[in-house]
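Letters A, B, ... are given to chains in the order of the sequence lines, protein chains preceding strands, and every chain is numbered from 1. Worth saying up front: this structure is predicted, and the values here are computed from it rather than measured.
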Amino acid sequence: MGYTDKFRKVAVLGAAGKMGSGILLLTAMEMTDLMLQNKELKLVLYAVDVSADGLSGLLQYVQSQVVRAAEKKTVLLRKLYADRKDLIENGDVIEQYTKDVLATIRISTHLSDIYDSSLVFEAIKEDPKLKVSILREIDANSQESPWFFTNTSSIPIGELNTDAGLNGRIIGFHFYNPPAVQKLVELIPTEDCKPELIEFAKNYARNLRKKIVPSNDFAGFIGNGHFMRDALHGIIEAKKLNDQFSFAESVYIMNSISQDFLLRPMGIFQLIDYVGIDVVSYIMQVMNPYLPDEELHSELLDQLLTKGVKGGQFSNGTQKDGFFQYKKGRISHVYELKTGAYVPVDEIVKKSESFTGPLPQPANWKQVNFSPGKKEMLENFFSKLKSMDTKGAKLARNYVLESKRIGELLVNTGVAASVDDVNKVLETGFYHAYGPINNYFN
Amino acid sequence: MKNLRRKVYMTAGYNTISLGTGRKEFHPKKPRPGLEHYIDEAGKGCLEQIGGGKNVDECVIGNFMAARFNKQANLPGFFPMIDPDLRFKPATSVEGACGSGGLALTSGIRSVLAETAEVVLSIGVEVQNTMKAIYGADVLAGAGWFQERKNGHAYYFPGQFSDRAGAYFEKYGREKTRQAFARWYKNAIDNARLCETAQEFHNNTEDLEELAMMEPNGKVFVDHLNVFDCSKVSDGASSIAILSEEGLQACGLTKDQAIEVVAWSQVEEDITKPPQDLTSLTTIRTAVALALDRAGITMAQIGTVETHDCFTVAGLLGVEAMGLAEPGEGADFILQGNTARDGVIPFNTTGGLIGWGHPTGATGVHQAVTIWEQLTGKAGKAQIEIKKDRPYGMSVNMGGDDKTIVVVIYKQAT
């Protein structure tokens, strides 16, 4: 069965979620492109979710995203629609393409509708039991021996394979958030994964213009393997500061250290908010049993969740309240654990800055990351940071070294095949300006 | 029509800024001034210099596609908005794609020659940033024959001129030609940096020629041109007064503030036919020769040229069409520095379409304003020296792919 045939009937489970909707969008466009190249093909894509409400807004999201994508690939689309004499202007072509993509999608809340799928993308809740039971149900009711792509970011694929009895017909294909934008995909084959499935996954990634980084099948893989430990470090450091500063101040200081002093696009607490405090806590919970020598757990996150502080995003992409409140994407207030209230950030900034001391220049991720002279700028920045004797510089150096230790741990424990793979995941999936395994503080 | 039956002058030029990417004020997601603003600003800018609308007998506006970019037609109706003294006076809108501004000039010149007007207010305007470039390309493609649109490129006009560049590369060689394109770009930006209204006024890239040598990528754009070879999407308007001698007096103006229209030509080619020769702008060649003949001068007497460089290749082919270089030698002419602001014949001294900007329907008028500034010493930092043996200025405005051409030759009024 060739690449195209495998798309005969495809299902995306959890299609109304943030990851699922992105996977649905990309797959719908790939399937439409295949049909435009071969007019005989009839491919169909099911968007399945338990939330009927979520599904109702899904098509609107897909439509707006397809228009944007079509505007960027109009040169190609004009070739694909060359035989359609009625489609003359770019606007005509873009409109038709959008209709064609939407026409490949069927919406359903019933799993039984997709029992006969040839390919299933799974992007449901990060719950091993739930995933296994759904995968098992589809497989048991299918005559097709479908292939499964799971978007799990933390559960070992081998466990899903064994528990659902899939005999190597599943592969970890971990998109980064949001899938339509992020270039990185972590590819995690199981030991008995079918070679043709791996080949298919690589072709699919290439057609989606994604960068693949292979990861071994270890809970959390490379991305969360680094992020969860990195987050714990930030949390622990903030706790230490809590002797001297309020909770809100400690959180703000460590967020600033991990953003401004590390030249990262977001501070660690903002990143936890972005992903969702509940999601981060849950991923730690899933990963922890597989790490006998470590304790991947944060009481602080538990405490916040019991107080209803969850972070994450609304369906329109705006940020929910977490460690911070945001106005137009910028931090406006910081959560104070003691009172349960949010403190205006302006009241904290000065105190934080007088504690951390000045930043080496240039001190801006955007400025550095997109500059042609990035390498020199980074070396210059970190060499200044190395020689500074401020509290901020010390905390930053510790953070950089801890991030490096985590990166090396991932290589040494066989999660990542190479230093390059770890660095590529952090640079591509997390938009870091540099990989964690570096020699800035040797 | 060797000699004009009466003298025709131009004065009181005005340019709004050319707004679009590159200007610090420009933000694609923030509200921007609309068509009305540009017409009003340019109109007032001219009228303030000639004593107001009461002195104007007739108005003409050049515009290409407001009907699609702004969903607005009947543009003559905006003149009384500029100045109540323009109510109940004749006003006309003219269209010839990117040559619309040139038509607004010739329309005014004709009225003065016909003695139906002593003072004509001529405005050119286009507001194009109302849509994304991919849809704007559809609108601009209207300058070509719509029956050919289906076979054209997504970016239709860049595609047409990319084909011209490709044919030129094949016939005369690629490397040197691309270097000449890059030099054309550098000259354009260098000049634009001296003109506060230019779209590239804020451009501070150091090595412009290196940037402009970026390899074209046909997968996302066109095969033989990169984005630096192209003029940008612009919003803007320009205005100028076209007057008789009596008109000048009525406005209380002296001749040292004006330029004289020595000769002009307006030439049309069949829009349904492909170019006879992709490596030559034959209609421009015809129009320039005609205007020079009518003026009784040669290119050796022209001190500065405003040419229609919607693309670098159009700049280069324009140089050849004017007879300044033999076919295939335009690149050498440019690379030797002849068209630079300190060269033998400075071209596009405020940046041209690539540097100053290309609000399509306004461009022809903007060209006249620049020549007026240069010949009357009003060009500020962009001022070039007008040598005595080269006292004439020339503007070449093009609509479509070498279809609607207006050439005007000017000199300082005496």
Legend entry - Over 12 foreign heavy atoms within 6.0 Å of NZ, A/K211: no
Inset, instruction - May I ask you to check whether over 12 heavy atoms, not counting those of A/K375, lie within 6.0 Å of atom NZ? - result: no
Legend entry - Contact check, side chains of B/V220 and A/V75, non-hydrogen atoms, under 4.5 Å: no
Legend entry - Contact origin within A/L77 toward chain B - heavy atom pairs under 4.5 Å: neither
Using a plain distance cut of 3.5 Å, could you tabulate donor-acceptor pairs between chain A and chain B?
residue	atom	partner	partner atom	Å
A/E71	OE1	B/K132	NZ	2.5
A/E71	OE2	B/Y135	OH	2.6
A/R78	NE	B/G152	O	3.4
A/R78	NH2	B/R149	O	3.0
A/R78	NH2	B/K150	O	3.4
A/Y81	O	B/K150	NZ	3.0
A/R84	O	B/K150	NZ	2.8
A/L87	O	B/K150	NZ	2.8
A/E89	OE1	B/R68	NH2	2.9
A/E89	OE2	B/R68	NH1	3.0
A/N90	N	B/D138	OD1	2.7
A/N90	N	B/D138	OD2	3.0
A/N90	OD1	B/R149	NH2	3.3
A/N90	ND2	B/I134	O	2.8
A/N90	ND2	B/D138	OD1	3.4
A/N90	ND2	B/A154	O	2.8
A/G91	N	B/D138	OD2	2.9

